[in-house]
Protein chains: 2
Amino acid sequence: MTSQLQPEQLVAPYRPSRFMASLSAMSEPIPLDLAHLRKSCAHCSLQQLCLPAGIDAEELARLDQIVKLRRPTQRNERLFRISDPLVSLYIARDGAFKTVSISEEGEEQIVGFHLPGELIGLDALGHGVHRCEAIALTTASVCEVPLVQLTAVAAQLPRLQQQLLRVIGQGMGRDQDHLNILVKRQANERIALFLHGLGERYQLIGQSGLQFKLPMSREDIANYLGLALETVSRGFTRLQEDGVISVHGRLIEISDPGQLNRLAHVREAAPLPLRGSAG
Amino acid sequence: MTSQLQPEQLVAPYRPSRFMASLSAMSEPIPLDLAHLRKSCAHCSLQQLCLPAGIDAEELARLDQIVKLRRPTQRNERLFRISDPLVSLYIARDGAFKTVSISEEGEEQIVGFHLPGELIGLDALGHGVHRCEAIALTTASVCEVPLVQLTAVAAQLPRLQQQLLRVIGQGMGRDQDHLNILVKRQANERIALFLHGLGERYQLIGQSGLQFKLPMSREDIANYLGLALETVSRGFTRLQEDGVISVHGRLIEISDPGQLNRLAHVREAAPLPLRGSAG
DNA sequence: CGGGTGGTTGACAACTCTCAAGCGGCGTGG
DNA sequence: CCACGCCGCTTGAGAGTTGTCAACCACCCG
């Protein structure tokens, strides 16, 4: 439908030459029986967060048929590049991804981080062409859902269509949250909000929301938050000095969730077990 | 060289099907008045930018049946409020709207401005409840599209479904552009980008992109751009001093589009001497 | 003519960026 | 097994931009 655009690589001044070698080594299709067995959405731990949420067994089977499980991706591998035509949506299963847009001057801007269960690829809905790159932050695995088939099935399954819109809407909601982080908030607030939000998302996928390992570098965080990486580093240090969190490299432990929430200006109905939060 | 990648180009690589004005022959009750006659998407000047883009006459008729034309809204009137259930999507016909989210502390954050032809209400897709208020910046009129009926019709009309996703995607694209404005750009760049983008959008709806009246206050712009209103004011003044634009209250004339473009896209290498405006 | 709203301008303080140096872990290679 | 070097991260000092506070101006309306 869309006229074929040349996926010319708008290569940014990004120089992971050492990784390129390892990436180019893996392009051969491998028939993985194991992967096929595990592919079913019915057995996926993310079922309740992912597209399948809210649809019944029969519908699930229909969806299963079009979901491909891609082989695990290496760190820094890309699901798609800028100006690639929109073919599939992806859903992270393991690991984490970032989506990055690149400005005319070649500067990267991280648009979002994607934890398991979160949809990737919506950026191309508008024009049928990706405006972002999706890059694996860790070794990861994803489900691939060809869009044509997805919309076709969705047209026949109202609940799936509804769910699709819902997942899209949630993605937009996250974008809006991102926006609210960036506007009119100072560095420390942004960092607190970031950690808070990340903790919430980890909790949603069944991991600890109080103790987790950041899949992204300080530089990525800084980019995402619109700060200098030094400011992020200082922010972490400050939060640690104040006893709010405990930092060991990328390991984060939230020692005082209540205080973190307060710093983030988040008020909520205490979804986390808040133990004796001082003052 | 990479000039095909304009940040926000609504003109999609889809073939725009020509619409025959044979719709008047369709069996329609014709119960009401002039407004009802004008309601038809087939006669709307925004046809190519709005939901109807890319669908044929017959499909258009189906869409027409579910589109309600709401009475003109007054300035500051709201289409919906926060936590209102999602009932309809809206499309601005005349005038302009802003969507505003409100933080726990009661601070407003303007999420987007909506010119004619642009969809309003997508914020509620995620949870079925609006997370924004849509407020008219001027007297305005909107088309209202009940979501239930829209999705029902879309399920039967693949092209409408596709178009719906496309419009949603374009909305997300605008959000992303907004985000890119806010991150890592200084005040003057944000302002230049803002004016540039606004001009582009005005041009798209058939108005002058070089001379237009801002529908929103300085305060709104500042809020949207994450700046203090004084900074916006100073930025306008500065742009005027530099001969890039001409400001008369809310009337904006872009005197030097090339320079504005440069300021909006290029962080440095601007031939403008950056010095204090004392003088 | 006066009040009100919205916009402009000025001065100062605070925050964050930039530049720069130093630290620490981890993998490679001897 | 240890040394080295690289990379990611931390820390420090100075400069610049922007927010804040405050006053003033311009326009609209009655």
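Predicted model, so just to flag it, every value in this text is computed and none were measured. Sequence lines set the chain letters: A, B, ... in the order given, protein chains first and strands last, and positions in each chain run from 1.
- With rounding to whole Å, Arg238(B) atom CZ is found 16 Å from dT8(C) atom P.
- Per the geometry, CG belonging to Asp220(A) stands 16 Å off P belonging to dC7(D), to the nearest Å.
- Spacing between atom CD of Gln240(A) and atom P of dC9(D) amounts to 15 Å, rounded to whole angstrom units.
- With respect to Asn223(A), the side-chain hydrogen bond (donor to acceptor under 3.5 Å, both in side chains) criterion is satisfied by exactly one of Glu108(A), Gln109(A), Arg218(A): Gln109(A).
- Among the atoms of the strands shown, base atoms are found under 4.0 Å from some heavy atom of Ser233(B).
- Defined by atom type and a distance below 3.5 Å, a donor-acceptor pair is missing between the side-chain atoms of Gln176(A) and Asp175(B).
- Under 3.5 Å, the side chains of His130(A) and Ser83(A) contain no donor-acceptor pair of N or O atoms.
- Under a cut-off of 6.0 angstrom, the local environment of CD in Gln74(B) is sparse, with at most 12 non-hydrogen atoms contributed by other residues, nucleotides or ligands.
- Protein atom CG of Leu225(B) is 18 Å distant from nucleotide atom P of dT17(D), rounded to whole Å.
- The distance from atom CD of Glu189(B) to atom P of dG16(D) is 17 Å, rounded to the nearest whole Å.
- The distance from the CD1 atom of Ile120(B) to the CD atom of Glu144(B) is 11.5 Å, given to the nearest 0.5 Å.
- The residues Arg131(A) and Asp177(B) are annotated as salt-bridged, a charged nitrogen and a carboxylate oxygen being separated by less than 4.0 angstrom.
- Remark: aromatic rings of Phe194(B) and Tyr224(B) are close, center separation under 6.0 Å.
- Remark: P of dT8(C) and CD1 of Ile191(B) are 11 Å apart, rounded to the nearest angstrom.
- A salt bridge links Arg201(A) with Glu118(A); the closest basic N to acidic carboxylate O contact falls under 4.0 Å.
- One can place CZ of Phe236(B) at 11 Å from C1' of dG7(C), the figure rounded to the nearest angstrom.
- Note that the CG atom of Leu214(A) and the CG atom of Leu198(A) stand 6.5 Å from one another [nearest 0.5 Å].
- Nucleic acid contact class of Arg250(A) (heavy atoms, under 4.0 Å, all strands): sugar-phosphate only.
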query = What string of B, S and - do you get for nucleotides 18-23 of chain D 5' to 3' if you count protein non-hydrogen atoms under 4.0 Å?
reply = SSBBB-

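- Considering only side-chain atoms of Thr237(B), the nucleotide from dG7(C), dT9(C), dT10(D) that sits closest is dT9(C).
- For the helix from dC1(C)-dG30(D) to dG30(C)-dC1(D), the terminal axes (five pairs an end, C1' atoms, rotation from four pairs onto the next four) enclose an angle of 30°, given to 10 degrees.
- The interatomic distance linking Asn223(A) (CG) with dC17(C) (P) rounds to 12 Å, in whole Å.
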